[in-house]
K.L.:
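Take this structure first; my questions come after.
Chain letters run A, B, ... following the sequence lines, proteins first and then strands; every chain starts at 1. This is a predicted model, so every value here is computed, not measured.
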Amino acid sequence: MAALPLHPDPAWRGRLLACGLALLVLWPALVYSEFKPWLLFDPQSLAAAAGFLSDFLHPAHGLEFLAMVLRETWITVAIATAGLALALLGAIPATLLVSERLSISRLGTDRVRWPAALLRQCVRWVLVLLRSVPELVWALLFVRVVGLGPTAGVLAIALTYAGMLAKVYAEILESSDAHATDALLANGAARLPALLYGALPDAAAELVSYTIYRWECAIRGSAIMGFVGAGGLGQRMDESTKMMAGGEVATMLLMFVLLVAAADLVSTLLRRRLG
Amino acid sequence: MNQPLPPPRSWTTPVLLVLLLGLIVASFATLRLDLAAFFTPEAAGTTLEFLGGFTPPETAAPFLMKTLNAALETLSMSALGTLLAVIAGLVLALPASGRWGGAARALVRVVLNVLRSIPELVWAALLLVAAGLGPFAGTLALAAHTAGVLGRLFADALENAEPAPEAALRINGAPALAAFFYATLPQTLPQMLSYTLYRWENNIRAAAVLGVVGAGGLGQMLKYHLSLFQMQSAATVVLAMLLLVALVDAISYALRRALTR
């Protein structure tokens with residue numbers, strides 16, 4: 001009878017070896033990211049962090065300060081809402097352009113005439129560009145153009161989300177049942193009525209649900225964009241962090257978490273209504 | 001013959017729509033955006049001039065080397081941040097999946113929720129205080145947020161795993177660690193790997209912009225050149241960001257196919 005293995009996991013050598021190899025591969029990454037955990041325990045930075053953290057235990061709660069936090073929170077929500085509203089202004093026409101479901105030349109032949117195909121492809125490229133530049137980078141750029149303040153945040157959200165919404169809207173429309181739209185188009189309906197009466201009833205719930213989800217994302221995004229100067233809660237948080245005012249940061253962090261949780265809740269409730 | 005009555009209309013829909021409209025109007029009213037200013041001929045001219053400032057992107061060899069360096073820094077931050085998050089996430093997922101009782105489960109889940117609900121960028125701004133300017137703070141920030149996300153996902157995966165195989169091993173005398181490694185881990189590993197790859201794709205996007213608060217990588221470079229109004233250099237950095245993200249997406253796609261086949 002063979003002796004029982006001493007280690008509870010018979011393959012432990014192999015696992016350890018794999019971990020070692022992974023560490024070896026990651027070595028350049030450790031160097032590049034200046035991974036020096038001991039810096040955290042340097043007495044000077046430890047003292048700074050301790051002071052900052054101990055302030056966290058006494059969140060700032062002056063009446064004036066709280067009023068300011070609430071006002072900035074509303075501005076954060078307003079930036080997200082206004083940005084999304086503008087994004088819709090761009091996304092809906094772009095969806096109509098991009099969606100092949102509404103192509104009349106496609107009917108029967110399943111081939112699209114080349115000028116239409118070219119136009120669609122160009123709009124698609126623009127949308128890819130809009131959504132692949134991160135919203136924070138857009139915000140940085142707009143802060144340079146229009147100056148510090150909420151306008152930069154609204155424009156950044158409008159551009160990024162127009163790209164995202166148009167792409168997903170087109171996908172949702174194209175994945176809905178084609179028969180109704182095709183029948184309407186084949187019988188001579190114009191494109192807009194074909195969309196409104198053919199594709200939309202099938203896809204409306206999903207479209208609205210996705211829009212609400214994006215609104216929730218936009219609130220998170222607009223709070224973060226404040227860190228580059230685009231107004232709202234993030235900007236105040238950035239200022240307080242730079243002044244090492246731990247108590248103020250603690251209050252605003254709490255407010256931020258509450259805001260995100262509230263947006264999450266509202267979004268979930270609204271989307272559940274849609275079924 | 002009586003026509004059947006139409007179904008009653010829900011009154012909540014119009015109320016919600018009015019509320020929504022109110023929210024939008026109130027938003028625009030508070031922000032007082034001067035949007036009309038964007039549609040004047042002068043604005044169009046300024047915008048064109050501004051956009052023209054980005055072309056051609058800076059392509060001098062030393063600058064490209066610097067950008068490459070920053071891109072590697074960003075890549076390292078994202079990879080290392082994800083790895084740290086996987087380790088921390090696994091460690092936290094064990095109690096969060098209810099292995100050590102309901103109290104531990106609830107407590108750890110609260111910790112995970114806090115980690116998760118603070119975005120990477122806010123973590124970075126906070127960690128700069130402790131870790132100083134540079135990519136290390138960014139790595140820790142990515143790790144902190146992602147640990148919250150992955151910990152929750154891993155815990156759910158562990159909870160949903162079939163418990164019978166592990167129980168069978170335990171009843172037949174296998175030690176706890178072996179039972180876990182040979183019954184529960186193999187069931188959940190593919191799902192965990194898939195989540196990890198997905199988070200890595202997210203983290204490379206986050207790592208690229210984390211630098212704007214001073215946490216290293218391409219973001220820091222972008223902020224620096226934009227604040228000096230060196231638009232052509234900034235254009236190169238933005239292009240590098242887009243390339244890097246596309247590259248990581250491609251690698252992740254290939255890895256996913258190789259691992260899940």
K.L.:
Any heavy-atom pair between the side chains of Val212(B) and Val137(A) that's under 4.5 Å?
P.N.:
no

K.L.:
Measuring from Leu210(B):CG to Phe227(A):CZ, what's the distance to the nearest 0.5 Å?
P.N.:
11.0 Å

K.L.:
Can you pull out the residues in residues 234-242 of chain B with any heavy atom less than 4.5 Å from chain A?
P.N.:
Val238(B), Met241(B), Leu242(B)

K.L.:
List in chain and number order the residues that pass side chain to side chain contact (heavy atoms under 4.5 Å, CB included) with Ala60(A), two or more places apart in sequence or in another chain; answer none if no residue qualifies.
P.N.:
Phe65(A), Glu248(A), Thr251(A)

K.L.:
Do Phe256(A) and Pro119(B) touch side chain to side chain, with heavy atoms closer than 4.5 Å?
P.N.:
yes

K.L.:
Should Leu31(B) and Thr151(A) count as side-chain neighbours, where that means a heavy-atom distance under 4.5 Å?
P.N.:
no

K.L.:
Rounded at 0.5 Å granularity, tell me how far OG1 in Thr81(A) sits from CG in Leu23(B).
P.N.:
4.0 Å

K.L.:
Identify the two heavy atoms, one from Thr30(B) and one from Ala78(A), that lie closest to each other, and give their separation to 0.1 Å.
P.N.:
OG1-CB, 4.4 Å

K.L.:
If I measure from the heavy atoms of chain A, does Leu75(B) come under 4.5 Å with its side chain, its backbone, both, or neither?
P.N.:
neither

K.L.:
Can you tell me how far CG of Leu72(B) sits from OH of Tyr32(A), rounded to the nearest 0.5 angstrom?
P.N.:
4.5 Å

K.L.:
Using non-hydrogen atoms only, which part of Val146(A) is less than 4.5 Å away from chain B: side chain, backbone, both, or neither?
P.N.:
side chain

K.L.:
Where on Thr139(B) is there a heavy atom nearer than 4.5 Å to chain A: the side chain, the backbone, both, or neither?
P.N.:
side chain

K.L.:
Side chain, backbone, both or neither: which part of Trp27(A) has an atom under 4.5 Å from a heavy atom of chain B?
P.N.:
neither

K.L.:
Report which part of Leu140(A) has an atom under 4.5 Å of a heavy atom belonging to chain B: side chain, backbone, both, or neither.
P.N.:
both

K.L.:
If I take atom CG from residue Leu84(A) and atom OG from residue Ser27(B), how far apart are they, to the nearest 0.5 angstrom?
P.N.:
10.5 Å

K.L.:
Checking Leu16(B) against chain A: side chain, backbone, both or neither under 4.5 Å from a heavy atom?
P.N.:
side chain

K.L.:
Tell me which of these, Val114(B), Val122(B), Leu20(B), has more heavy-atom pairs under 4.5 Å with chain A than the rest.
P.N.:
Val122(B)

K.L.:
Rounded to the nearest 0.5 Å, how far apart are CG of Asp249(B) and OG of Ser132(A)?
P.N.:
10.5 Å

K.L.:
Please check if atom OH in Tyr210(A) has more than 12 non-hydrogen atoms from other residues, nucleotides or ligands closer than 6.0 Å.
P.N.:
yes

K.L.:
Give the intermediate values and the outcome of side-chain hydrogen bond (donor to acceptor under 3.5 Å, both in side chains) for residues Thr12(B) and Arg273(A).
P.N.:
CA-CA 10 Å; Thr12(B) 47; Arg273(A) 239 183 77 86; 2.7 Å; yes

K.L.:
So which part of Asn69(B) gets closer than 4.5 Å to some heavy atom of chain A, the side chain, the backbone, both or neither?
P.N.:
both

K.L.:
Using non-hydrogen atoms and a 4.5 Å limit, figure out which bit of Leu140(B) sits close to chain A: side chain, backbone, both or neither.
P.N.:
side chain

K.L.:
By a 4.5 Å heavy-atom criterion (distance strictly below it), what part of Thr13(B) contacts chain A: side chain, backbone, both, or neither?
P.N.:
both

K.L.:
Heavy-atom pairs under 4.5 Å with chain B - which of Val260(A), Val31(A), Leu86(A), Val77(A) has more of them than the others?
P.N.:
Leu86(A)

K.L.:
Identify which part of Val133(A) has an atom lying under 4.5 Å from any heavy atom of chain B, answering side chain, backbone, both or neither.
P.N.:
both

K.L.:
Going by heavy atoms in the side chains, are Ser227(B) and Arg144(A) under 4.5 Å from each other?
P.N.:
yes

K.L.:
Can you confirm if the NZ or CZ of Arg15(A) lies within 45° of the ring axis of Tyr182(B) and under 6.0 Å from the centre of its six-membered ring?
P.N.:
yes

K.L.:
Mind ranking Phe180(B), Phe28(B), Phe229(B) by heavy-atom pairs under 4.5 Å with chain A and telling me who comes out on top?
P.N.:
Phe28(B)

K.L.:
Could you tell me the separation between the CD1 atom of Ile118(B) and the CD1 atom of Ile224(A), rounded to the nearest 0.5 Å?
P.N.:
11.5 Å

K.L.:
Measuring heavy-atom distances to chain A, does Leu226(B) have an atom under 4.5 Å in its side chain, in its backbone, in both, or in neither?
P.N.:
both

K.L.:
Heavy-atom distances under 4.5 Å only: say whether Val249(A) touches chain B with side chain, backbone, both or neither.
P.N.:
side chain

K.L.:
Can you tell which part of Leu30(A) gets under 4.5 Å to a heavy atom of chain B, answering side chain, backbone, both or neither?
P.N.:
both

